[in-house]
Chemist: 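Following this message is one structure expressed as structure tokens.
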Number of protein chains: 2
Amino acid sequence: MSDQAQPVINYFKRIIPVDDVDRVMIGNAFKLVHVKKRQFLVQPNFVATHRNFVVRGAFRSYIVAEGGHEHTIAFAIDDWWITDYNSYIFQRPSTMFVVALEDSIVLQIDFEKENMLKAAHHKYETFFRTIAERGLAFYLRRLISNLSHSAEERYREFEKNYPKVVQRVPQYALASYLGMTTEYLSKLRNQRMKKPDG
Amino acid sequence: MSDQAQPVINYFKRIIPVDDVDRVMIGNAFKLVHVKKRQFLVQPNFVATHRNFVVRGAFRSYIVAEGGHEHTIAFAIDDWWITDYNSYIFQRPSTMFVVALEDSIVLQIDFEKENMLKAAHHKYETFFRTIAERGLAFYLRRLISNLSHSAEERYREFEKNYPKVVQRVPQYALASYLGMTTEYLSKLRNQRMKKPDG
DNA sequence: TGAAAAAGTTGAACTAGTTCAACCTCCTTT
DNA sequence: AAAGGAGGTTGAACTAGTTCAACTTTTTCA
């Protein structure tokens with residue numbers, strides 16, 4: 001059996017040592033899933049059953065607010081994780097969608113198998129602690145950016161930090177991630193803002 | 001020696017079992033510190049050396065953006081943690097202030113002692129993983145609120161969820177936490193917004 | 001391949017929230 | 001008790017970003 005879990009094993013190796021026994025345990029915990037564009041991994045009112053590691057492809061999580069406005073919460077491309085953490089961690093009904101933006105391949109671990117890993121060995125707990133801490137730090141930086149920068153600054157900053165995401169993601173999704181309308185982002189990109197003078 | 005660390009031990013007990021050995025280990029890891037109103041626990045360009053558990057008192061973390069505008073990142077009152085996570089987790093220079101809003105008492109653990117605890121026993125790793133996950137979920141909810149609600153909705157929601165914080169925190173700090181100006185929050189609170197008609 | 005759907009663009013009118021400035025009201029601290 | 005500062009209030013003028021509507025371009029898939 002070829003090791004389909006290799007991509008996520010490589011990811012684990014960046015954080016904790018992985019020996020042959022671990023290789024098998026991790027391989028058994030994750031299952032490889034092909035996801036078609038526009039297919040959902042999570043939907044509101046259902047509990048997010050899996051944490052998803054993106055082997056190849058692109059995803060977006062978003063909520064639909066009153067008035068039908070969508071707000072993108074996260075993107076995930078190759079080598080990133082995605083799920084609804086509020087739903088997954090507490091095993092409560094989700095409030096968001098997670099959808100594939102391209103035909104994608106993910107490695108999924110479900111909540112129970114993740115808990116078994118965590119219980120099985122100290123170092124798996126270390127692994128999940130580390131990615132939770134990094135995720136926390138990431139959302140903190142994003143919150144700071146949202147509070148302290150203008151729409152244009154947020155866009156320029158994102159473009160600089162995540163050029164690959166900008167290229168692969170539809171503009172309406174990026175706009176709603178950055179907290180602005182599609183129209184406004186379009187204007188920002190095309191420099192057709194009102195000019196000071198003629 | 002009376003157990004000064006009891007408040008944080010109680011907090012640990014809500015997440016992992018704590019026996020007499022643990023009690024000593026936790027007691028040795030944390031030190032009790034009295035902090036005067038307006039005293040800083042973290043300042044920009046210095047590495048956040050400690051994670052702080054608030055025994056009694058109130059704190060606020062904030063950044064100062066260009067133009068001198070302050071943005072409150074977090075509050076912490078009794079039984080909450082506070083630090084600059086981006087600085088503490090990665091042991092890099094901070095970009096924010098953490099200041100006491102009242103005379104306060106905290107239990108501090110430093111980065112090295114925290115790592116020793118994590119290394120010493122699987123269950124301490126579980127503890128820190130759990131609080132990191134909860135912190136992540138918290139910031140995620142806040143991000144969602146910021147993206148999808150108006151200034152007034154954010155205020156009403158916060159007032160409902162954290163009435164105790166609203167009472168203990170100066171209004172300018174609350175306004176900048178909620179992503180609006182002091183003046184605007186003042187107007188929201190006093191219902192002196194422009195009326196539809198006379 | 002071609003029709004429909006999805007995504008993106010542009011401009012004009014609008015508004016939620018900011019800015020600025022002046023003033024008020026408490027706390028502190030001596 | 002007085003002075004000074006920090007925090008809060010109010011109104012008028014302003015603006016960053018939204019809304020709406022009409023249109024163009026690109027993608028999808030039968």
Chemist: Looking at the rings of B/Phe111 and B/Tyr88, which for Trp means the six-membered one, are their centres under 6.0 Å apart?
Modeler: yes

Chemist: Quick one: is D/dA6 close enough that its OP1 or OP2 comes under 4.0 Å of any side-chain N or O from B/Gln171?
Modeler: no

Chemist: Using atom CD of B/Glu102 as one end and atom C1' of C/dC27 as the other, report the distance to the nearest whole Å.
Modeler: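 Whole-Å distance recorded here is 15 Å.
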
Chemist: Roughly, in whole Å, what's the span from NE2 in A/His149 to C1' in D/dG17?
Modeler: 17 Å

Chemist: Roughly, in whole Å, what's the span from CG in B/Leu185 to P in D/dG7?
Modeler: 15 Å

Chemist: Salt bridge or not between A/Lys187 and A/Glu183? Use side-chain N to carboxylate O under 4.0 Å.
Modeler: no

Chemist: Tell me: CE of A/Met180 to C1' of C/dG8, nearest whole Å?
Modeler: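 A/Met180 atom CE is separated from C/dG8 atom C1' by 15 Å.
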
Chemist: Tell me which one of A/Lys36, A/Arg168, A/Lys37 satisfies salt bridge (Lys or Arg N to Asp or Glu O under 4.0 Å) with A/Glu102.
Modeler: A/Arg168

Chemist: Over how many whole Å does the gap from B/Leu101 atom CG to D/dG7 atom P extend?
Modeler: 9 Å

Chemist: C/dT18 P sits how many Å from B/Glu152 CD, rounded?
Modeler: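 About 13 Å, once rounded to whole Å.
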
Chemist: List the atom pairs, with distances to 0.1 Å, where a side-chain N or O of residues 8-27 of chain A and a protein N or O form a donor-acceptor pair under 3.5 Å, not counting sequence neighbours.
Modeler:
unit_1	atom_1	unit_2	atom_2	d
A/Asn10	OD1	A/Gln6	NE2	2.9
A/Tyr11	OH	A/Trp81	NE1	3.4
A/Arg14	NH1	A/Asp79	OD2	3.2
A/Asp19	OD1	A/Val21	N	3.0
A/Asp19	OD1	A/Asp22	N	2.8
A/Asp22	OD1	A/Tyr124	OH	2.8
A/Asp22	OD2	A/Asp19	N	2.9
A/Asp22	OD2	A/Lys123	NZ	2.6
A/Arg23	NH1	A/Gln6	OE1	3.4

Chemist: Under 3.5 Å, is there a donor on one side chain and an acceptor on the other for A/Glu157 and A/Ser145?
Modeler: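 Side-chain D/A pair, A/Glu157 to A/Ser145: present.
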
Chemist: Provide, to the nearest angstrom, the distance between the CZ atom belonging to A/Arg189 and the C1' atom belonging to C/dT10.
Modeler: 16 Å

Chemist: Kindly state each residue pair satisfying ring pair (Phe, Tyr, Trp, His ring centres under 6.0 Å) with at least one member in residues 141-172 of chain B, sequence neighbours excluded.
Modeler: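 Every pair satisfying ring pair (Phe, Tyr, Trp, His ring centres under 6.0 Å) with a residue in residues 141-172 of chain B: B/Phe158-B/Tyr162, B/Phe158-B/Tyr177.
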
Chemist: Between C/dA16 atom P and B/Leu188 atom CG, what is the distance in whole Å?
Modeler: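 That distance rounds to 12 Å.
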
Chemist: What string of B, S and - do you get for nucleotides 19-30 of chain D 5' to 3' if you count protein non-hydrogen atoms under 4.0 Å?
Modeler: BB-------S--

